[in-house]
Protein chains: 2
Amino acid sequence: MMKHEPDEPLLALADPTRRAILRLVWDEELPAGDIAAHFPVTRPAISRHLRVLRDANLVEEHRVGTKRLYRARPERIEELRSYLENYWEAGLGEIKRLAEREAMRKRNEDG
Amino acid sequence: MMKHEPDEPLLALADPTRRAILRLVWDEELPAGDIAAHFPVTRPAISRHLRVLRDANLVEEHRVGTKRLYRARPERIEELRSYLENYWEAGLGEIKRLAEREAMRKRNEDG
DNA sequence: TTGTTACGTAACCGCAAGGTTACAAAGTTT
DNA sequence: AAACTTTGTAACCTTGCGGTTACGTAACAA
């Protein structure tokens with residue numbers, strides 16, 4: 001299928017703070033404030049990171065009272081994962097093919 | 001082990017042009033000019049992309065005459081790959097553990 | 001209704017990313 | 001030596017990112 005280039009999620013993950021945030025909300029829902037408390041930067045900064053993660057569909061939010069709870073979206077993450085899996089494999093496949101060709105050449109030489 | 005956060009390579013791969021370049025030189029060495037010819041931007045722009053890839057250790061260069069040949073570094077790419085593998089699994093592991101706990105709870109209910 | 005809690009948003013700043021054009025450098029060719 | 005090829009680098013511009021402070025807003029509590 002090959003989808004299109006997943007720039008948004010990749011860019012989102014390129015920031016270490018966002019990778020850390022994503023881990024935090026991977027297995028449990030957390031309110032924005034609790035998340036921010038884990039980091040040395042101000043709350044608004046984290047708020048924007050959360051926005052980026054949300055825009056990249058790596059995270060979803062729902063409100064409860066005055067709080068906003070965030071949690072990871074494993075399906076979307078899996079999508080990115082398999083894109084990358086594909087990306088590596090496409091390249092490594094080439095290399096494997098070359099190696100095989102090389103092996104065949106050698107077999108012919110030795111034979 | 002866990003290495004440190006591989007910001008450089010991740011940031012390098014976050015750009016679609018650089019992902020394309022990396023694919024180009026994955027299975028064959030190519031001179032900078034040939035690489036640039038594949039893209040709509042100017043040659044200096046590509047030159048800088050190549051620099052970024054090289055700084056991230058995803059690509060290596062060697063000179064031959066006036067040309068500079070570039071090729072991918074599969075070992076380093078594999079390093080990044082396994083970091084990500086680890087990253088996903090750390091998260092998904094949590095989920096699996098939750099699922100098991102849940103299953104156990106249900107078993108106890110039903111029992 | 002007034003205050004308090006838990007947020008996002010706006011405006012601003014410093015800085016780096018990615019693009020361009022112009023130029024320098026190093027190796028070949030004649 | 002002179003000219004041409006192939007490439008990186010410098011200087012510059014615009015745009016976007018991540019950070020801050022100040023402010024707006026929605027829900028709850030008194």
Side-chain angles (χ1 to χ4, degrees), chain A residues 4-25 28-73 80, chain B residues 4-26 28-73 80 87:
Chain A
H4 307 93
E5 299 284 311
D7 287 348
E8 266 193 322
L10 264 180
L11 216 44
L13 280 199
D15 181 284
T17 301
R18 283 192 294 260
R19 284 201 299 281
I21 291 178
L22 188 57
R23 268 210 252 254
L24 276 179
V25 298
E28 57 175 345
E29 248 176 6
L30 284 180
D34 287 24
I35 296 174
H38 285 78
F39 301 92
V41 299
T42 56
R43 195 186 47 69
I46 297 298
S47 184
R48 291 193 46 196
H49 280 306
L50 285 168
R51 188 93 157 88
V52 171
L53 286 169
R54 211 168 70 84
D55 287 349
N57 284 317
L58 295 175
V59 142
E60 65 186 345
E61 165 237 2
H62 80 277
R63 315 183 181 190
V64 135
T66 99
K67 303 195 171 184
R68 308 217 182 171
L69 303 176
Y70 289 87
R71 76 173 143 220
R73 299 189 53 180
L80 174 59
Chain B
H4 308 90
E5 298 286 310
D7 287 347
E8 266 195 323
L10 264 179
L11 214 43
L13 280 199
D15 181 283
T17 301
R18 283 193 294 260
R19 282 201 301 280
I21 291 179
L22 189 56
R23 268 210 252 252
L24 276 179
V25 299
W26 206 304
E28 59 175 345
E29 248 177 5
L30 284 180
D34 286 25
I35 296 173
H38 286 77
F39 301 92
V41 299
T42 57
R43 197 186 46 70
I46 299 297
S47 183
R48 290 191 51 196
H49 279 306
L50 285 169
R51 187 97 157 87
V52 172
L53 286 169
R54 212 169 66 85
D55 287 350
N57 284 316
L58 295 175
V59 142
E60 65 187 344
E61 164 236 4
H62 79 277
R63 315 184 182 188
V64 135
T66 101
K67 305 194 169 181
R68 306 215 182 173
L69 303 177
Y70 290 86
R71 77 173 144 222
R73 299 188 55 179
L80 174 60
Y87 181 79

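Just so we're on the same page: letters track the sequence lines, and every chain starts at 1. The structure displayed is predicted, hence computed values, not measured ones.
Across all strands shown, A:Arg18 has heavy atoms under 4.0 Å from sugar-phosphate atoms exclusively, and none from any base. Within the nucleic acid shown, B:Tyr70 comes within 4.0 Å of sugar-phosphate atoms alone, with no base atom in reach, counting heavy atoms only.
For the pair A:Leu50/A:Val25, no side-chain contact is recorded, criterion being any heavy-atom separation below 4.5 Å from C-beta on. A:His49 is not listed as a side-chain neighbour of A:Ile35, based on a closest heavy-atom distance of 4.5 Å or more.
We find the CZ-CD distance between A:Arg54 and A:Glu61 to be 5.0 Å, quoted to the nearest 0.5 Å. Rounding to the nearest 0.5 angstrom, the gap separating the CZ atom in B:Arg73 from the CG atom in B:Leu53 is 12.0 Å. Taking CD from B:Glu5 and CG from B:Leu10, the interatomic distance works out to 8.5 Å, rounded to the nearest 0.5 Å.
Shown for residues 44-52 of chain B: residues whose heavy atoms fall under 4.0 angstrom of DNA chain C, namely B:Pro44, B:Ala45, B:Arg48, B:His49. Near-neighbour residues of DNA chain D inside residues 57-68 of chain B, defined by a heavy atom below 4.0 Å, number-ordered: B:Thr66, B:Lys67, B:Arg68.
Taking a cutoff of 4.0 Å between a charged side-chain nitrogen and a carboxylate oxygen, B:Lys67 and B:Asp34 do not qualify as a salt bridge.
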Task: side-chain contact (heavy atoms from CB on, under 4.5 Å) between B:Asp15 and B:Val52, intermediate numbers included - done: CA-CA 11 Å; B:Asp15 181 283; B:Val52 172; over 6 Å; no
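One can place CG of B:Asp55 at 12 Å from P of C:dG18, the figure rounded to the nearest angstrom.
Take the nearest nucleotide of DNA chain D for A:Val41 and for B:Gly33: the residue whose nucleotide is more 5' is B:Gly33.
When every heavy atom of B:Leu80 is checked against every heavy atom of B:Pro9, the shortest pair comes out as CD2-CB, 4.0 Å. Heavy atoms only, all atoms of each residue included: B:Asp7 and A:Ala14 are closest at OD1-O, 4.3 Å.
Partner B:His38 forms a side chain to side chain contact (heavy atoms under 4.5 Å, CB included) with one of B:Ile21, B:Thr17, B:Ile46, B:Leu24 and no other, that one being B:Leu24.
Chain B approaches DNA chain D over the interval D:dT6 to D:dT9, counting the first and last nucleotide 5' to 3' with an atom under 4.0 Å from its heavy atoms.
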